[in-house]
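A note on names: the letters A, B, ... follow the listed sequences, proteins ahead of strands, and every chain is numbered from 1. Just so we're clear, the structure is a prediction, and the values are computed from it rather than from any experiment.
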There are 2 protein chains.
Amino acid sequence: MTPASRDIPSPIRSLIEAAGHFTQSLGLGRVLGQIYAFLYFTPHPRTLDDLTHALGISKGSASMGVRQLAQWGALEPVWVKGDRKDYYRARDNFGRILKNILQDMAGKRLEASAMALTEAEHAIHPHPSPGIDPDSEAFIQQRLETLRAFQHKIQSAWGSFAVGFLSK
Amino acid sequence: MTPASRDIPSPIRSLIEAAGHFTQSLGLGRVLGQIYAFLYFTPHPRTLDDLTHALGISKGSASMGVRQLAQWGALEPVWVKGDRKDYYRARDNFGRILKNILQDMAGKRLEASAMALTEAEHAIHPHPSPGIDPDSEAFIQQRLETLRAFQHKIQSAWGSFAVGFLSK
DNA sequence: TGGTATATTCAAAACGATTTGAACATGACG
DNA sequence: CGTCATGTTCAAATCGTTTTGAATATACCA
């Protein structure tokens, strides 16, 4: 029995499981939540091996998961003197972490959609398509405008939501 | 060639595709975005058959997709006199639609996480576990508190984000 | 430098979510 | 009532994503 796997109190196990479901439902995969939750409730830094044993995941998953979480600033690498292993502990600056994740995920999606919209506008505007029902043309123009307006609204609302967590 | 499939201008096709990717990336599935976008840029109400032909999706997908979208208030059923078919048109009250979707999806997730947290607190608090490192115990308590505090912060921020779109 | 402990990579397997379509249900009309 | 047109359901197939683990790379130490 490894130090990591003994004595994870059952309520903590439940929280780890819940965190896994949570990140899964957000499309981030189960392991990210599990790894973070495990480290979050563990007082001392832990190694990749600890993670594979405690959570029953593969070395590969642990390695990739840890890297991703570190990139978001959710984990802090810790060097323990005289030990080759990489140790990690969970950081608890949720605001910053969340912001990084949102930027990484949602930001790109909004941007991609904005681009698609702009391209469509350009493709339609300059070429009042030959042989196409002008009523339909006008309708589409109007819908594009409504959509564009909403897009702006979203982006500003999104901005203030994200900014609300930048504060320390 | 059906009325629905002829003459979808290529920029609109692109937007339909983009909408599909968008909803896919949000974990809603590709078809929802496609169906909505197609109807959004179509002046007249359309039937399930039109959808299957225009988008190349199965009858089943069209049926389920339309139902889901209607449930969110994104589509409006239209009855055309003397025609048995169900017709649908896209509504453009994005604010309300978004709110419904968020409530349906994110709300449940936050709630589930909140419950898991509460249960863990109850499980730990009343039973200062026998034979477990008291330092560890204190650490866990403290982390639970931090987490709980953030959870409140999120819920209130989320609330105001959602409310921002209730208007009109 | 060679040997060992550890971390990373990535092709393939496992898994889960989405989509299909045949079977079934519904309901309009003669 | 029987038929035809349409909508719905859900088990099975498909498809994409996540996870695995053997192979490979890296880094430390003697």
Side-chain angles (χ1 to χ4, degrees), chain A residues 2-4 16-17 19-36 38-39 45-71 75-88 104-105 108-109, chain B residues 2-4 16-17 19-36 38-39 45-71 75-88 104-105 108-109:
Chain A
T2 74
I16 290 173
E17 211 184 322
H21 288 140
F22 184 65
T23 51
Q24 174 116 253
S25 82
L26 295 178
L28 303 176
R30 181 177 39 98
V31 291
L32 292 186
Q34 294 187 144
I35 291 176
Y36 183 78
F38 172 66
L39 291 174
R46 287 288 153 98
T47 67
L48 286 191
D49 261 12
D50 293 339
L51 292 174
T52 63
H53 293 135
L55 304 175
I57 62 181
S58 73
K59 232 159 46 115
S61 279
S63 177
M64 291 169 127
V66 156
R67 181 148 32 123
Q68 177 66 87
L69 287 167
Q71 204 148 29
L75 299 185
E76 173 182 21
V78 176
W79 280 272
V80 171
K81 67 168 185 181
D83 195 331
R84 282 203 207 152
K85 290 177 176 133
D86 298 349
Y87 285 74
Y88 297 90
D104 209 43
M105 316 246 73
K108 286 173 188 175
R109 289 166 191 172
Chain B
T2 75
I16 290 172
E17 212 183 321
H21 288 140
F22 184 66
T23 50
Q24 173 116 253
S25 81
L26 295 178
L28 302 175
R30 180 176 39 99
V31 291
L32 292 186
Q34 295 188 142
I35 291 175
Y36 183 78
F38 172 67
L39 291 173
R46 286 288 152 96
T47 67
L48 285 191
D49 261 11
D50 292 340
L51 291 174
T52 63
H53 293 134
L55 303 175
I57 62 180
S58 72
K59 228 162 45 117
S61 279
S63 176
M64 290 169 124
V66 155
R67 181 151 30 125
Q68 176 67 87
L69 287 168
Q71 205 148 28
L75 299 186
E76 171 182 22
V78 176
W79 281 272
V80 172
K81 67 167 185 181
D83 194 331
R84 279 205 209 152
K85 288 177 178 131
D86 298 348
Y87 285 77
Y88 296 90
D104 210 39
M105 317 246 73
K108 286 173 189 174
R109 289 167 193 173

To the nearest angstrom, how far is [X] atom [atom1] from [N] atom [atom2]?
{"X": "Asp50(B)", "N": "dT6(D)", "atom1": "CG", "atom2": "C1'", "answer": "13 Å"}
{"X": "Asp86(A)", "N": "dA27(D)", "atom1": "CG", "atom2": "P", "answer": "11 Å"}
{"X": "His21(B)", "N": "dT17(D)", "atom1": "NE2", "atom2": "P", "answer": "10 Å"}
{"X": "Gln34(A)", "N": "dT18(D)", "atom1": "CD", "atom2": "C1'", "answer": "12 Å"}
{"X": "Met105(A)", "N": "dT17(D)", "atom1": "CE", "atom2": "C1'", "answer": "13 Å"}
{"X": "Leu51(A)", "N": "dA7(C)", "atom1": "CG", "atom2": "C1'", "answer": "13 Å"}
{"X": "Asp49(A)", "N": "dA5(C)", "atom1": "CG", "atom2": "P", "answer": "12 Å"}
{"X": "Tyr88(A)", "N": "dT6(C)", "atom1": "OH", "atom2": "C1'", "answer": "11 Å"}

Rounded to the nearest 0.5 Å, what separates atom [atom1] in [X] from atom [atom2] in [Y]?
{"X": "Arg30(B)", "Y": "Ser61(B)", "atom1": "CZ", "atom2": "OG", "value": "8.0 Å"}
{"X": "Met64(A)", "Y": "Ile57(A)", "atom1": "CE", "atom2": "CD1", "value": "12.0 Å"}
{"X": "Thr47(B)", "Y": "His53(B)", "atom1": "OG1", "atom2": "NE2", "value": "8.5 Å"}

Q. Between Ser63(B) and Gly60(B), is there a donor-acceptor pair closer than 3.5 Å when you use the side chain of the first and the backbone of the second?
A. no
(Q) When you measure from the side chain of Arg46(A) to the backbone of Leu39(A), do you find a donor-acceptor pair of N or O atoms at a distance under 3.5 Å? (A) no
Q.
Output one letter per nucleotide in nucleotides 16-30 of chain C: B when a protein non-hydrogen atom lies under 4.0 Å from the base, S when only the sugar-phosphate is that close, - when neither is.
A. --SSBB-----BB--
Q. Does Ser63(B) place a side-chain N or O at less than 4.0 Å from the phosphate oxygens OP1/OP2 of dG7(D)?
A. no
Q | Residues in side chain to side chain contact (heavy atoms under 4.5 Å, CB included) contact with Val66(B), at least two apart in sequence or another chain | A | Ile35(B), Leu48(B), Leu51(B), Leu75(B), Tyr88(B)
